Amino acid sequence: MKKWYSYIILALVCIGFASCQDSDTVPQLQTDGRVSVHLQIALPGGDSAQRGATARSFEDSGTDDTTSDQKALSDDDVFVLVFQNGLLIDQVKGLRFDAVTDDTNPSNRTLTGTFVQPETDGSLELVVLTNLVQNNLVDVASSTLSGIQAFFDGKKGSSPTAIYESLIYQYGSSEWNIQSRRIPMWGTTGTFSLDRANELKKSCNLHRAVAKLGFLINATNAGSEGQGIDGFTITGIRISGVMDGGYCASLNTLGPSASYYASPSVPTTAQALAGDLNYTGLNVTTNYKDRIYLPEQVIGDSPLTIAVSYTYKGKDKTKEIAFDENVIRNHSYLYNITSVTPDDFDVTISYAVEEWKSETINVPTFK
């Protein structure tokens with residue numbers, strides 16, 4: 001399978017990393033024992049040309065475009081952790097983003113701040129975590145900016161994995177509205193040596209913590225809106241077995257290209273929601289995209305079922321679809337309904353990674 005260079009259900013296409021752009025903002029040299037940080041952050045699903053995305057096609061793979069809300073971060077909900085030799089030693093303080101002016105949907109943001117100069121040399125790593133405050137972290141006593149900063153201060157000396165295990169968001173009992181609740185994201189600079197410098201310029205790429213699911217009706221490729229099928233309308237979607245939470249940062253390592261995750265990372269405490277996710281009152285004739293977001297899930301351990309209610313030439317029907325792929329963060333999974341009979345319909349599922357880049361799976365007729 002191809003990877004959102006996308007994966008998000010359709011699986012979001014694997015996002016190729018967007019190269020970071022230079023900024024006129026430069027960190028001021030420090031003389032007070034602190035290190036100035038100038039961090040260029042590539043947001044998920046940025047410029048597809050920069051990320052090496054291919055044409056959108058169910059046959060040849062492609063990308064599922066990212067909306068501005070799907071890569072949005074709140075400027076007052078960002079944390080930068082400093083690790084030395086694999087252990088947390090500090091947080092970057094005084095964080096300040098560059099201003100967004102003409103471009104309201106930027107591919108990159110520039111972040112500046114400072115941290116205490118380490119007393120000894122060693123391998124350093126900066127980790128960026130965003131949109132934590134608004135996501136009801138299970139193991140953090142106070143899910144506020146100062147509360148989470150205090151939580152990280154209490155984790156000094158811990159490994160990234162030990163910290164990530166505590167960063168579990170709660171899904172909630174209804175659909176995820178990303179306009180009011182942004183998607184948690186994570187990124188790393190990788191390891192580097194500071195060499196006693198007091199000025200640091202680095203870059204990183206952010207990865208979303210969720211996958212997305214959508215439906216197309218008679219689409220020619222994964223990037224089209226769908227042409228519709230005469231007499232066919234989706235009236236409702238019900239999803240059963242969705243996990244009740246997930247990690248803000250994956251415990252797994254990135255895939256071979258270092259641009260997407262190849263397997264889900266699911267908290268041991270996560271379980272299926274007691275109720276279903278219901279999308280009702282629909283009148284969908286061409287597509288239903290960018291509305292359904294899912295935590296990661298191992299399908300072999302916890303089945304996921306989708307029930308599509310529809311009308312076809314005046315008759316009401318419901319079709320259950322067993323989701324056969326693992327749900328992996330930053331993947332986009334799109335079902336393309338290609339044909340309909342009075343009793344059933346054929347579906348093709350296309351999915352992609354990180355930028356949301358796609359893969360295609362042909363699903364036989366459901367009986």
Side-chain angles (χ1 to χ4, degrees), residues 1-14 58 61 64 168-173 175-176 183-184 207-216 222 237-256 260-279 288-289 291-308 318-337 345-354 356-367:
M1 294 186 300
K2 301 173 184 176
K3 305 300 195 243
W4 208 2
Y5 267 18
S6 302
Y7 281 87
I8 266 189
I9 285 183
L10 236 187
L12 294 181
V13 178
C14 197
F58 284 113
S61 83
D64 179 20
I168 299 174
Y169 65 83
Q170 296 176 330
Y171 188 89
S173 58
E175 64 182 271
W176 190 313
I183 298 171
H207 302 262
R208 286 163 288 220
V210 301
K212 70 176 178 178
L213 171 68
F215 287 84
L216 304 173
I237 298 169
R238 184 182 74 251
I239 306 176
S240 305
V242 176
M243 293 288 97
D244 62 0
Y247 286 124
C248 295
S250 177
L251 304 189
N252 295 334
T253 56
L254 290 169
Y260 65 88
Y261 287 95
S263 59
S265 178
V266 181
T268 56
T269 56
Q271 56 187 346
L273 288 172
D276 301 331
L277 294 184
N278 290 289
Y279 302 79
Y288 192 76
K289 299 193 301 181
R291 305 286 184 84
I292 304 173
Y293 301 91
L294 301 174
E296 291 189 289
Q297 188 161 342
V298 178
I299 296 302
D301 297 336
S302 303
L304 186 67
T305 302
I306 304 167
V308 178
T318 297
K319 186 63 191 178
E320 284 199 353
I321 303 170
F323 194 81
D324 294 329
E325 300 292 318
N326 286 333
V327 181
I328 305 173
R329 66 182 56 220
N330 220 35
H331 285 57
S332 175
Y333 302 87
L334 290 172
Y335 284 97
N336 185 29
I337 299 173
F345 57 74
D346 290 333
V347 171
T348 295
I349 181 175
S350 171
Y351 69 89
V353 188
E354 304 225 357
W356 320 102
K357 183 174 178 180
S358 69
E359 253 181 73
T360 300
I361 298 176
N362 293 317
V363 180
T365 303
F366 296 104
K367 299 297 186 182

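Being a predicted model, the structure only gives us computed values, none of them experimental.
Atoms CG and OG, from L273 and S240 in turn, are 10.0 Å apart once rounded to the nearest 0.5 Å. Taking CD1 of I328 as the start and OH of Y260 as the end, the distance is 9.0 Å to the nearest 0.5 Å. Here the NE2-CG distance, from H207 to L254, works out to 5.0 Å after rounding to the nearest 0.5 Å.
Contact check for F215 versus I306: side-chain heavy atoms found under the 4.5 Å cut-off. Residues E175 and Y279 are in side-chain contact: their nearest non-hydrogen atoms beyond the backbone lie under 4.5 Å apart. A heavy-atom distance below 4.5 Å is not found between the side chains of P264 and V327. Contact annotation: the side chain of I299 approaches that of L304 to within less than 4.5 Å [non-hydrogen atoms, C-beta and beyond]. Residues L213 and I237 are not in side-chain contact: their nearest non-hydrogen atoms beyond the backbone lie 4.5 Å or more apart.
Taking the six-membered ring where tryptophan is involved, the planes of Y335 and F323 are perpendicular, since the angle between them exceeds 60° and thus also 30°.
At distances below 3.5 Å, not a single donor-acceptor pair connects side-chain atoms of N252 with backbone N or O atoms of Y261. A donor-acceptor distance shorter than 3.5 angstrom exists from the side chain of E296 to the backbone of S265, with no hydrogens or angles considered.
In terms of heavy-atom proximity, Q297 sits nearest to P303 at NE2-O, 3.6 Å. P267 and I168 get closest at one heavy-atom pair: CB-CD1, 3.8 Å. Between A209 and Y169, the shortest heavy-atom contact is O-OH, 3.8 Å. When every heavy atom of Y171 is checked against every heavy atom of L294, the shortest pair comes out as CE1-CA, 4.4 Å. Between G300 and N326 the shortest heavy-atom distance is N-OD1, 4.3 Å.
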